[in-house]
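To start, the structure under review is shown below, and the notes come after it.
Sequence positions, counted from 1, serve as the residue numbers for this chain.
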Amino acid sequence: MKIVILLAVAYLLGSIPSGVWIGKLFYGKDIRQFGSGNSGTTNTFRVLGKPAGIVVLLMDILKGTLATLLPTLFHLDNVNPLWFGVFAILGHTFPVFAGFKGGKAVATSAGMLLAYSPLFFLYSVVLFLVCLFITSMVSLSSMIAAVLVTLSTIILPYVWPAILPEHNWLLTLIAAGVTIFIFIRHRENIKRIKAGTENRVPFGLNQK
């Protein structure tokens with residue numbers, strides 16, 4: 001019963017619609033009605049600006065981190081903490097507090113990695129930033145980085161164990177599932193990428 005309750009708590013943590021709440025409380029805007037219509041970090045940066053975007057990014061990461069740490073905080077040794085991260089991701093993408101219409105799971109998934117392995121989290125952030133510098137597109141960078149992170153969960157324990165000491169099949173399965181979901185949630189972005197109309201950040205090799 002304790003596990004079930006904490007999984008529900010993890011889902012509720014993930015369900016906190018950071019972008020929606022910050023937009024309404026401090027800017028009088030529902031960001032779902034502007035920009036891409038998404039409630040995540042990227043649209044927050046675009047609609048509300050850098051300060052709000054940074055706050056939402058940190059909140060979304062923290063949701064995944066705190067949820068994944070729940071079994072440690074409550075001394076549950078017989079369950080993999082990654083399951084709690086999964087429930088936070090589900091909450092972020094299907095938030096009960098925002099009509100089950102949430103973000104694209106990138107930041108909260110990163111938060112789960114931060115709790116599971118800080119070094120692997122930093123490695124994943126570097127992968128994303130390199131992709132962003134090369135493509136200048138957050139959406140494309142998120143998708144490429146997700147694929148590379150999934151592959152890294154398999155390869156790193158054998159070639160760079162200092163970053164990820166052992167292979168965890170659950171981590172690989174979760175990473176693969178999140179990657180598939182990220183691609184699904186970026187369907188419109190993929191169309192814009194193909195059409196050459198996707199939004200770009202003002203830095204990198206391919207900025208316009």
* Residue pair D30 / K24: nearest heavy atoms and the distance that separates them -> OD2-CE, 3.7 Å
* For residues T179 and A146, report the shortest heavy-atom separation together with the two atoms involved. => OG1-O, 3.1 Å
* Side chain N80, main chain L170, donor-acceptor under 3.5 Å -> no
* Structure fact -> Here the ring pair (Phe, Tyr, Trp, His ring centres under 6.0 Å) pairs for residues 59-100, sequence neighbours left out, are F94-F181
* Side-chain heavy atoms under 4.5 angstrom apart, residues restricted to Ile, Leu, Val, Met, Phe, Trp, Tyr: same cluster for L6 and V79? -> yes
* Go through the steps for T68 and Y116 under the test side chain to side chain donor-acceptor pair (under 3.5 Å), then give the verdict. => CA-CA 7 Å; T68 307; Y116 178 75; over 6 Å; no
* Please report the shortest heavy-atom distance between I22 and A52, naming the atom on each side. => CG2-CB, 4.1 Å
* Tell me, do T153 and N168 make a side-chain contact under 4.5 Å, heavy atoms counted? -> no
* To do: Search all heavy atoms of G53 against all heavy atoms of T41 and return the closest pair with its distance.
  => O-CG2, 3.8 Å
* Is L173 linked to I184 within one hydrophobic cluster, defined over Ile, Leu, Val, Met, Phe, Trp and Tyr using a side-chain heavy-atom separation of less than 4.5 Å? -> no
* Do the side chains of V96 and I89 join up, straight or via other hydrophobic residues, at under 4.5 Å, putting them in one cluster? -> yes
* Within residues 5-53 or reaching into it, pairs that qualify as ring pair (Phe, Tyr, Trp, His ring centres under 6.0 Å) - sequence neighbours excluded -> none
* Asked: Step by step, would you call E198 with N189 a side chain to side chain contact (heavy atoms under 4.5 Å, CB included)?
  -> CA-CA 6 Å; E198 176 68 337; N189 302 84; 2.9 Å; yes
* Check the pair N78 / I3 against side chain to side chain contact (heavy atoms under 4.5 Å, CB included), numbers first and verdict last. => CA-CA 10 Å; N78 59 337; I3 293 175; 4.3 Å; yes
* To do: Go through the steps for L113 and V149 under the test side chain to side chain contact (heavy atoms under 4.5 Å, CB included), then give the verdict.
  => CA-CA 10 Å; L113 291 182; V149 167; 4.3 Å; yes
* Would you give the length of the straight line joining atom OG1 of T172 to atom CH2 of W169, rounded to the nearest 0.5 angstrom? => 6.0 Å
* To do: Would you check if S139 and I193 make a side-chain contact, meaning some heavy-atom pair closer than 4.5 Å?
  => yes
* Answer whether the closest heavy-atom distance between the side chains of F120 and S152 falls below 4.5 Å. => yes
* Asked: To the nearest 0.5 Å, how far apart are CG in L66 and CD1 in I16?
  -> 8.5 Å
* To do: Quick one: pull up CG in N199 and CZ in R46 and give me the separation to the nearest 0.5 Å.
  => 4.0 Å
* Heavy-atom side-chain proximity of V55 to M59 below 4.5 angstrom -> yes
* Spacing of N38 atom CG and T42 atom OG1 [to the nearest 0.5 Å] -> 7.5 Å
* K2: partners by salt bridge (charged side-chain N to carboxylate O under 4.0 Å, His left out), with sequence neighbours left out -> none
* Closest heavy-atom contact between A145 and C131? -> N-SG, 4.3 Å
* Structure fact -> Scanning both residues in full, the closest heavy-atom pair of L57 with A107 reads CD1-CB, 4.1 Å
* Any side-chain heavy atom of H167 within less than 4.5 Å of one from L156? -> no
* **Interatomic distance, L62 atom CG to T108 atom OG1 [nearest 0.5 angstrom]** => 10.0 Å
* Does S142 have any side chain to side chain donor-acceptor pair (under 3.5 Å) partners at least two apart in sequence or in another chain, and if so, which? -> none
* Should V125 and V106 be counted in the same cluster of Ile, Leu, Val, Met, Phe, Trp and Tyr side chains packed under 4.5 Å apart? -> yes
* To do: Group every Ile, Leu, Val, Met, Phe, Trp and Tyr by side-chain heavy-atom contacts under 4.5 Å, then state whether I155 and L127 land in the same group.
  => yes
* Asked: How long is the span from the CD1 atom in I174 to the CG atom in L82, to the nearest 0.5 Å?
  -> 4.5 Å
* Any donor and acceptor pair, going by atom type alone, linking the side chain of R200 with main-chain N or O of T135 inside 3.5 Å? -> yes
* Would you indicate whether the side-chain heavy atoms of T44 and S39 approach each other to under 4.5 Å? => no
* Does the side chain of L164 reach to within under 4.5 Å of the side chain of L119, using non-hydrogen atoms? -> no
* To do: Before giving the answer on side chain to side chain contact (heavy atoms under 4.5 Å, CB included), spell out for K63 and S18 the whole-Å C-alpha distance, their side-chain angles and the decisive distance to 0.1 Å.
  => CA-CA 10 Å; K63 292 189 301 186; S18 311; 4.0 Å; yes
* salt bridge (charged side-chain N to carboxylate O under 4.0 Å, His left out) with K104: which residues, sequence neighbours excluded? -> none
* Structure fact -> Residue set satisfying side chain to side chain donor-acceptor pair (under 3.5 Å) with S15, at least two apart, ordered chain then number -> none
* Heavy-atom check, side chain of L114 versus side chain of I61, under 4.5 Å -> yes
